[in-house]
Amino acid sequence: RHAPRRGLWAAEADPSRGHSTALPRPEQGWRLGCAAVDALLPAGFEAGALHEVKGDPSAAEGASAADWMAGFGFAVRLAVRRIDGLAAEGGAASRPWLLWCWPRSLSLEFGSPMMGGFLRLGLDASRLIVVETARASEALNAIEEGLKAQSLAVVIGALDEADLTPARRLSIAAGETATPCLLVTHPASEPAAATATRWRVQRQPRRSDHAGASRAPSLQDLALRRIRWC
């Protein structure tokens with residue numbers, strides 16, 4: 001709460017400017033980099049908004065850790081696309097931060113985030129802030145505070161679910177500072193409200209071509225379930 005609310009990233013790029021300049025915020029949204037998906041979002045992902053990501057549940061009333069990981073992986077790749085766009089906008093000296101928030105219950109279930117895994121997804125782990133809270137309600141508060149800081153490229157939150165009021169608060173906070181929030185929720189939980197987009201990500205077994213090289217998942221593994229039209 002006592003960190004500077006404006007200009008942290010800009011100050012790092014040019015210390016002589018102090019903390020008086022806000023984080024650069026391109027007006028346009030950012031893109032997935034896949035033409036078939038980007039065509040559904042002509043203006044790109046809405047920056048100042050809440051976006052929900054869910055893995056596709058492998059069981060009727062539950063989900064495996066692998067189902068969660070599909071959602072986590074997609075959210076991290078979206079964040080990397082956002083960070084790369086901001087870095088290009090702010091110049092080579094700009095090194096934006098990513099905030100990861102989740103309750104201890106998820107950390108105990110899945111284990112602590114592995115920095116090597118983030119690096120394989122293209123994320124500079126040295127610019128990652130991880131917040132682990134005792135309760136889910138505290139994780140929601142941390143996500144909201146992160147969105148209000150104006151010094152982050154994106155906030156990723158992981159929760160079992162988000163009720164209507166907390167989801168609206170996150171959506172409002174994201175809109176006020178143009179800081180996107182990617183909320184990864186339980187694959188079998190009810191969809192969150194107040195989201196600009198909602199995504200389902202289906203995990204697939206690794207496949208190989210005749211030469212033995214692995215191939216990326218096809219577009220059929222990804223579904224856009226909701227778009228908020230403005």
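As a basis for the values below, the full set of heavy atoms in this structure was taken, side chains included, without hydrogen atoms, waters or symmetry mates.
- The shortest side-chain heavy-atom distance between D56 and V201 does not fall under the 4.5 Å cut-off.
- For D38 (side chain) and R31 (main-chain N/O), no donor-acceptor pair under 3.5 Å exists by modelled atom type.
- Between F110 and F72, the ring-plane angle classifies as perpendicular under the 30° and 60° cut-offs.
- Sorted by first then second residue, the ring-ring contact (aromatic ring centres under 6.0 Å, His included) pairs that include residues 114-138, not counting sequence neighbours, are W100-F118.
- Side-chain N or O atoms of T185 include none that pairs as donor or acceptor with a backbone N or O of E161 at under 3.5 Å.
- Atom CZ of residue R127 and atom CG of residue L99 lie 13.0 Å apart, to the nearest 0.5 angstrom.
- In this structure, R81 and F45 have side chains that are not in contact, with every pair of non-hydrogen atoms separated by 4.5 Å or more.
- Looking only at distances, a side-chain donor or acceptor of S189 sits under 3.5 Å from a matching main-chain atom of D160.
- The side-chain heavy atoms of E52 and T197, taken from C-beta on, include no pair separated by under 4.5 Å.
- Taking both residues in full, the closest heavy atoms of L152 and V155 are given as CD1-CG2, 3.8 Å, listed atom of the first, atom of the second, then distance.
- Take N141 and apply the side chain to side chain contact (heavy atoms under 4.5 Å, CB included) test, not counting sequence neighbours, and it matches no residue.
- Interatomic distance, L32 CG to L41 CG, rounded to the nearest 0.5 Å: 9.0 Å.
- The shortest non-hydrogen separation linking E46 to W30 is O-CZ3, 4.0 Å.
- At a threshold of 4.5 Å between side-chain heavy atoms, the hydrophobic network of Ile, Leu, Val, Met, Phe, Trp and Tyr places L182 and I172 in two separate groups.
- When each of D84, I83, L78 is paired with V80, the side-chain contact (heavy atoms from CB on, under 4.5 Å) condition holds for D84 and for no other.
- Looking at heavy atoms from C-beta onward, M115 lies in side-chain contact with L128 at the 4.5 angstrom threshold.
- Under the 30°/60° scheme for interplanar angles, the aromatic rings of F74 and W199 are found to be tilted.
- Qualifying side-chain hydrogen bond (donor to acceptor under 3.5 Å, both in side chains) partners for S137, counting only residues two or more places apart in sequence or in other chains: none.
- In this structure, the side chain to side chain contact (heavy atoms under 4.5 Å, CB included) partners of L108, at least two apart in sequence or on a different chain, are R104.
- Looking at R82 and P180, their side chains come closer than 4.5 Å, going by heavy atoms from C-beta outward.
- Heavy-atom minimum distance, E132 versus P103: CG-C, 4.3 Å.
- Side-chain contact check for L159 versus L183: some heavy-atom pair is nearer than 4.5 Å.
- Between D163 and T165, the side chains place no donor N or O within less than 3.5 Å of an acceptor N or O (distance only, hydrogens not considered).
- Proximity of V154 to T179: side-chain heavy atoms (C-beta onward) are nowhere separated by under 4.5 Å.
- For V184 against A75, the heavy-atom pair with the smallest separation is CG2-CB, 3.7 Å.
- The minimum heavy-atom distance between L98 and A79, with the atom names listed, is CD1-CB, 4.2 Å.
- Partners of S64 by side chain to side chain contact (heavy atoms under 4.5 Å, CB included), not counting sequence neighbours, listed by chain and number: S58, A66, D67, R203.
- Side-chain contact between S171 and H51 is absent, with no heavy atoms from C-beta onward closer than 4.5 Å.
- Rounding to the nearest 0.5 angstrom, the gap separating the SG atom in C181 from the CG atom in L147 is 5.0 Å.
- Shown here are the side chain to side chain contact (heavy atoms under 4.5 Å, CB included) partners of E138, two or more places apart in sequence or in another chain: T133, A134, R135.
- Checked by atom type and distance alone, the side chain of K54 never pairs as donor or acceptor with a backbone atom of P191 at under 3.5 Å.
- Between W102 and A139, the closest heavy-atom pair is C-CB, 4.0 Å.
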